[in-house]
Amino acid sequence: MEHVVVVGAGQAGAALVAKLRAEGYAGRLTLIGEEHAPPYQRPPLSKKYLLGEMELERLYLRPESFYAENGIELLRDTTAVSIDRADRRVIAGGAALPYDALALCTGAVPRRLPGAIGGELPGVHVVRTLADVDAMAPAIRPGARALVVGGGYIGLEAAAVCRTAGMEVTLVEAAPRILGRVAAPETADRIRELHAARGVTIREGTGLERLTGDARVTGAVLSDGTEIAADLVIVGIGITPATALAEAAGLEIENGIRADALGRTSDPAIWTAGDCASFPWRGGRIRLESVQNAIDQAEAVARNMLGAEAPYDPTPWFWSDQYDMKLQIAGLNAGYDRVVVRPGATGASASHWYYAGERLLAVDALNAPRDYMVGKRLIEAGRSPDPAALADPATDLKALLAG
């Protein structure tokens with residue numbers, strides 16, 4: 001391959017180009033990014049960076065000099081607008097870039113509220129990019145009133161940051177409870193208690209009727225008729241894979257850009273990785289939205305672009321930081337039929353183990369790093385300990401690994 005082009009300068013794209021060079025690829029390498037900043041990490045954006053505890057340069061995944069020093073052509077402020085598959089060219093920044101292999105690491109875009117209900121009013125924000133966070137930063141101040149729409153991890157983390165900054169915070173979730181799609185009631189209960197203790201008002205089973213205001217948002221009318229004031233609205237209602245470029249090029253789409261186990265799309269010259277990519281996994285097909293998957297999958301794809309032919313088979317893991325609570329998740333809980341609760345060493349810690357029949361699927365560890373590590377290793381090994389042993393605080397978790 002004389003020229004590899006990577007579209008998307010996020011976590012996956014940055015990991016992919018770095019891995020290609022580390023694995024010995026010596027050809028031309030181009031990374032196309034829409035933002036002005038070099039590739040940066042997203043998780044601290046809405047936490048330490050927003051609170052002023054982290055400088056911009058510390059967000060960068062690698063020093064700016066890394067790309068030139070490694071012969072990586074980083075095109076910033078550049079949007080890829082189309083792919084000419086027949087001639088193998090990417091049209092971007094007013095130029096046609098030829099490629100021998102192309103990787104799409106286009107990530108995902110946040111869902112927004114409709115303009116018809118006030119979603120486009122100034123003061124209404126999503127949390128995804130550096131520009132998003134910079135735009136909301138002036139409104140993060142003590143005594144200001146924040147409305148968070150959405151009770152998933154994005155919304156809950158936003159609520160925690162706003163409350164930490166001294167704001168009055170109300171969170172609304174249209175579903176019957178927070179974390180309804182991603183966590184068991186046991187985990188949701190602990191997270192709800194955490195926020196309530198910090199003074200966040202959580203309204204479950206309550207939708208948003210409309211936002212109010214003219215020049216900027218001033219409040220909201222909820223589905224039960226309640227009217228609340230708001231100086232800032234943060235929308236955390238999920239993300240959708242960024243597939244427009246791939247779809248326009250005629251690539252197969254299935255909950256993201258459809259890839260095989262190696263990361264190759266329906267066009268053998270085009271690969272994909274990260275939030276935008278769906279891939280076969282243990283008899284089904286999944287798309288994972290996490291930093292670690294973006295890195296691991298991108299590195300696997302880089303190796304496969306160079307001929308490794310190694311299927312990507314991850315053990316998914318995630319995390320969420322809220323106040324002084326670190327939630328670590330190993331595995332996927334889809335299809336669980338019971339949850340085993342293991343009390344923690346302190347009242348602030350616990351772990352929740354998801355089972356489908358006798359099979360361990362996943363674990364949520366709340367301020368319980370040992371439980372998380374043991375659970376992750378058990379899941380990776382395909383082992384399912386006796387639920388009664390897990391629930392017994394006297395059980396030595398390490399013994400479960402040895403047994």
Side-chain angles (χ1 to χ4, degrees), residues 1-40 60-107 242-252 256-277 279 294-310 312:
M1 298 183 294
E2 294 184 6
H3 189 195
V4 173
V5 175
V6 180
V7 177
Q11 192 88 55
L16 200 153
V17 295
K19 192 63 174 179
L20 282 173
R21 281 292 187 244
E23 292 289 320
Y25 174 67
R28 183 181 174 192
L29 185 54
T30 301
L31 177 61
I32 301 173
E34 292 187 338
E35 298 185 61
H36 180 71
Y40 58 85
Y60 296 164
L61 293 169
R62 292 175 175 84
E64 290 189 73
S65 60
F66 169 85
Y67 302 96
E69 290 170 356
N70 286 273
I72 299 167
E73 183 182 9
L74 175 59
L75 301 181
R76 299 191 281 186
D77 300 306
T78 302
T79 299
V81 296
S82 66
I83 301 168
D84 180 347
R85 290 170 54 193
D87 291 337
R88 293 193 179 181
R89 301 184 306 167
V90 175
I91 310 304
L97 296 173
Y99 66 83
D100 298 293
L102 171 66
L104 300 179
C105 301
T106 47
T243 61
L245 183 66
E247 195 166 358
L251 298 178
E252 291 184 16
I257 303 172
R258 192 180 197 278
D260 65 14
L262 302 181
R264 188 184 282 114
T265 71
S266 53
D267 182 326
I270 303 179
W271 306 72
T272 186
D275 287 0
C276 64
F279 58 95
I295 297 170
D296 292 348
Q297 188 178 26
E299 292 186 345
V301 166
R303 289 189 292 266
N304 288 331
M305 292 174 78
L306 298 176
E309 299 289 319
Y312 178 57

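Because the structure is predicted, anything quoted here is derived from the model rather than measured. Hydrogens, waters and symmetry mates play no part in the numbers below; they use all other heavy atoms, side chains included.
- Counting only heavy atoms from C-beta outward, the side chains of K19 and L306 never approach each other to under 4.5 Å.
- Between T78 and I32, the closest heavy-atom pair is O-CG2, 3.6 Å.
- Heavy-atom minimum distance, L74 versus P39: CD2-CD, 4.1 Å.
- In this structure, R76 pairs ionically with E64, as a charged nitrogen and a carboxylate oxygen lie closer than 4.0 Å.
- Of the possible polar contacts, none joining the R303 side chain to the A308 backbone as a donor-acceptor pair under 3.5 Å is found.
- Side-chain atoms of D77 and H36 form a donor-acceptor pair, as typed in the model, at a separation below 3.5 Å.
- Of the possible polar contacts, one joining the D260 side chain to the L262 backbone as a donor-acceptor pair under 3.5 Å is found.
- The shortest side-chain heavy-atom distance between L102 and R88 does not fall under the 4.5 Å cut-off.
- A heavy-atom distance below 4.5 Å is not found between the side chains of V6 and W271.
- Atom CZ of residue R85 and atom CG of residue D267 lie 4.0 Å apart, to the nearest 0.5 angstrom.
- Judged by distance alone, the side chain of S82 and the main-chain N or O of I91 form no donor-acceptor pair under 3.5 Å.
- Taken to the nearest 0.5 Å, the CE atom of M1 stands 13.0 Å off from the OH atom of Y99.
- Applying the 6.0 Å contact sphere to CD of E2 captures no more than 12 heavy atoms from other residues, nucleotides or ligands.
- One distance of note links CD of E299 with CG of L20; it measures 10.5 Å at 0.5 Å rounding.
- Pairing each heavy atom of A80 with each of V90, the nearest pair is CB-CG1, 3.9 Å.
- For the pair S266 (side chain) and E252 (backbone), a donor-acceptor distance under 3.5 Å is present.
- For L245 against V81, the heavy-atom pair with the smallest separation is CD1-C, 3.6 Å.
- Here the side chains of T106 and I257 are in contact, with some heavy-atom distance below 4.5 Å.
- Minimum heavy-atom separation, A101 to M305: CB-CE, 3.7 Å.
- To the nearest 0.5 angstrom, R89 atom CZ is 13.5 Å from H3 atom NE2.
- Here the CD atom belonging to Q11 is positioned 10.0 Å from the CG atom belonging to D275, to the nearest 0.5 angstrom.
- Two residues are said to be in side-chain contact when any heavy atoms from C-beta on lie closer than 4.5 Å; V301 and Y312 fail this criterion.
- The CD atom of E73 lies 10.0 Å from the CG atom of L31; values are rounded to the nearest 0.5 Å.
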Would you sort out whether T272 and F279 count as a side chain to side chain contact (heavy atoms under 4.5 Å, CB included), showing the intermediate values? CA-CA 10 Å; T272 186; F279 58 95; over 6 Å; no
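- Looking at every heavy atom in both residues, L104 comes nearest to A246 through CD1-CB, 3.9 Å.
- Under the rule for a side chain to side chain donor-acceptor pair (under 3.5 Å), T265 has no partner lying at least two apart in sequence or in another chain.
- Formation of a donor-acceptor pair under 3.5 Å by the Q297 side chain with backbone atoms of G274 is found in this model.
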